[in-house]
S.K.: 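Got a structure for you, written out below as structure tokens; questions coming shortly.
Every chain is numbered from 1 and lettered A, B, ... according to where its sequence line falls, protein lines coming before strand lines.
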Number of protein chains: 2
Amino acid sequence: MSPDNKGTTTRERLLKVAETLFAQKGYDAVSVREITNAAHCNLAAVNYHFGNKKTLYLHMFRERWMSRAQRIRACFGENLAHCADTSPASVIKSLAEALIKGPLTDEERLRHFQLIIREMTKPTEAFEIVVEETMKPSFEGLEQLFRPCLHEGIDEERTLLNVLSIFSMVLYFNFARLPVSKIIGHAYDEPFKDRLVQHIVQFSLSGMPLKENTL
Amino acid sequence: MSPDNKGTTTRERLLKVAETLFAQKGYDAVSVREITNAAHCNLAAVNYHFGNKKTLYLHMFRERWMSRAQRIRACFGENLAHCADTSPASVIKSLAEALIKGPLTDEERLRHFQLIIREMTKPTEAFEIVVEETMKPSFEGLEQLFRPCLHEGIDEERTLLNVLSIFSMVLYFNFARLPVSKIIGHAYDEPFKDRLVQHIVQFSLSGMPLKENTL
DNA sequence: GTCTGTATCAAACGAACGTTTGAATGTCAA
DNA sequence: TTGACATTCAAACGTTCGTTTGATACAGAC
């Protein structure tokens, strides 16, 4: 047994290994044999604990991905609570920091966004759950936070477009590390993440049609 | 033979069908049999014309994807030429229109961005080519167009981050149609695309640290 | 001890995969 | 008409896939 497998059940190891492999390679490119080998268990374990490969994937998404999304949302809430106000500047900064520097390790964050990108590109049953339980509530929450600070003429759709645009940047800078690194010419280190947060906050903030007295 | 296959060679049909299927399902999820059935030719045709499945994919990317990227770049150039100046407003508008309303049909555009997202998520040999021959030149060209209009203190990295942010929005709103449609509550019709272009231009423009006299 | 249920295992299942083969076509110059 | 070449075809190749099976090990209850 490798050291990171001590004290864990076969079920937990399967979920953990499956998440890493599915994120790296995609559902179809990962075989059950590859998963069970990496989890140091028998081939039949997937069928015993989860019924089949597809159900393993869905359980992984529900039990691991969703809880991580929850941790990010909680971190956003804490960040915002530490701010003096709920101005758009505070909201965007709290959001960008939660997503880019937040509670996840670099590896976790990479996996997290790889998985959701794969779901967006080729949706499974997991996608519906994510949209309804994570994305919609998040976006509507943000929309309500921003609304009082936007000009009265701005309708809901335009507000949502603003939120989606912020989200698109966060998503892109997280999952497209490879091309971004190649284009900017250096790695994704901590100082760069700081610059990234700063950039997203500044870029998004000035991109929004704010009233003048709301920073 | 279906009507859209008249007057085409087996090779061309294979490339076309392969592109659609690879974009929809991803490389691993598409079998050679599925491709050759859809192309109305024999199973062995892939091996005869391209050697193997992987080489078919690479040829498809080189011959079809790259040429489409070229068409988009050409459209951007034409859009910009029709403008009175090369101000950031003109550049961003020309870019957003080329990418969102440009020379591609809706289907082509969907496939185009699905394919590049797949390459970003799980790079193959095709990815290196795209970065070097399409993305880098495009981004550096945009960076040079923007540079004279930005404050002197802005270094190259921040300029690139601005360009990448614009790109991230375009990319997101093209490939993530499904979640976007669900969140905004209606389809991706022509009026919405107009609103999208308008939004991206306005959002990006005010997000950039421009000198005051450059619109 | 015996029984019961949980968990793991090696081995095999049929199906689908990418690829290869060799014969059967059609085409066109000699 | 013949020969050379390009293309298509049905059939089979060996491999890997997801899944199933039946035996085995081991716990705690009675």
S.K.: How many whole angstroms separate atom NZ of Lys54(B) from atom P of dT19(C)?
M.R.: 10 Å

S.K.: Using whole Å, what does the distance between atom P of nucleotide dT20(D) and atom CZ of Phe50(A) come to?
M.R.: 16 Å

S.K.: Does one side chain, of Asn162(B) or Thr159(B), offer a donor that lies under 3.5 Å from an acceptor on the other?
M.R.: no

S.K.: Mind telling me whether His112(A) and Trp65(A) have parallel, tilted or perpendicular rings, with 30° and 60° as the class edges?
M.R.: parallel

S.K.: Between dC9(C), dT6(C), dT21(C), spot the one nearest the side chain of Ala44(B), thanks.
M.R.: dT21(C)

S.K.: For the pair made of CZ in Arg33(A) and C1' in dC17(D), what is the distance, rounded to whole Å?
M.R.: 6 Å

S.K.: dA23(C) P sits how many Å from Leu43(B) CG, rounded?
M.R.: 19 Å

S.K.: If you assign Cys41(B) and Val32(A) each to the DNA chain D nucleotide with the nearest heavy atom, which residue ends up on the more 5' nucleotide?
M.R.: Cys41(B)

S.K.: With the side chain of Asn42(B) defined as its heavy atoms from C-beta on, choose the nearest nucleotide among dT19(D), dT8(D), dT8(C).
M.R.: dT8(D)

S.K.: Check every atom of dT19(D), dT8(C), dA11(D) against the side chain of Lys53(A) and return the nucleotide holding the closest atom.
M.R.: dT19(D)

S.K.: Check whether Ser204(A) reaches the backbone of Val201(A) with its side chain - one donor and one acceptor, N or O, closer than 3.5 Å.
M.R.: no

S.K.: Round to the nearest Å and state the distance from Ile35(B) atom CD1 to dC17(C) atom P.
M.R.: 11 Å

S.K.: Round to the nearest Å and state the distance from Glu34(A) atom CD to dT15(D) atom P.
M.R.: 19 Å

S.K.: Without decimals, in angstroms, what is the distance between Tyr48(A) OH and dA23(D) P?
M.R.: 17 Å

S.K.: So, is His49(B) close to the dT8(D) phosphate, meaning a side-chain N or O under 4.0 Å from OP1 or OP2?
M.R.: yes

S.K.: Does a side chain donor of either His49(B) or Thr10(B) reach within less than 3.5 Å of an acceptor in the other side chain?
M.R.: no

S.K.: For dT8(D), does either OP1 or OP2 sit under 4.0 Å from a side-chain N or O belonging to Thr10(B)?
M.R.: yes

S.K.: OP1 or OP2 of dC17(C) less than 4.0 angstrom from a side-chain nitrogen or oxygen of Ser31(B), does that happen here?
M.R.: yes

S.K.: Could you state the atom-to-atom distance from CG of Leu56(A) to P of dG18(D) in whole Å?
M.R.: 11 Å

S.K.: Choose from dT20(D), dT8(C), dA10(D) the nucleotide whose nearest atom is closest to any side-chain atom of Asn47(A).
M.R.: dT20(D)

S.K.: Stepwise, does the side chain to side chain contact (heavy atoms under 4.5 Å, CB included) test hold for Gln114(B) with Ile117(B)?
M.R.: CA-CA 5 Å; Gln114(B) 279 175 334; Ile117(B) 284 285; 5.8 Å; no

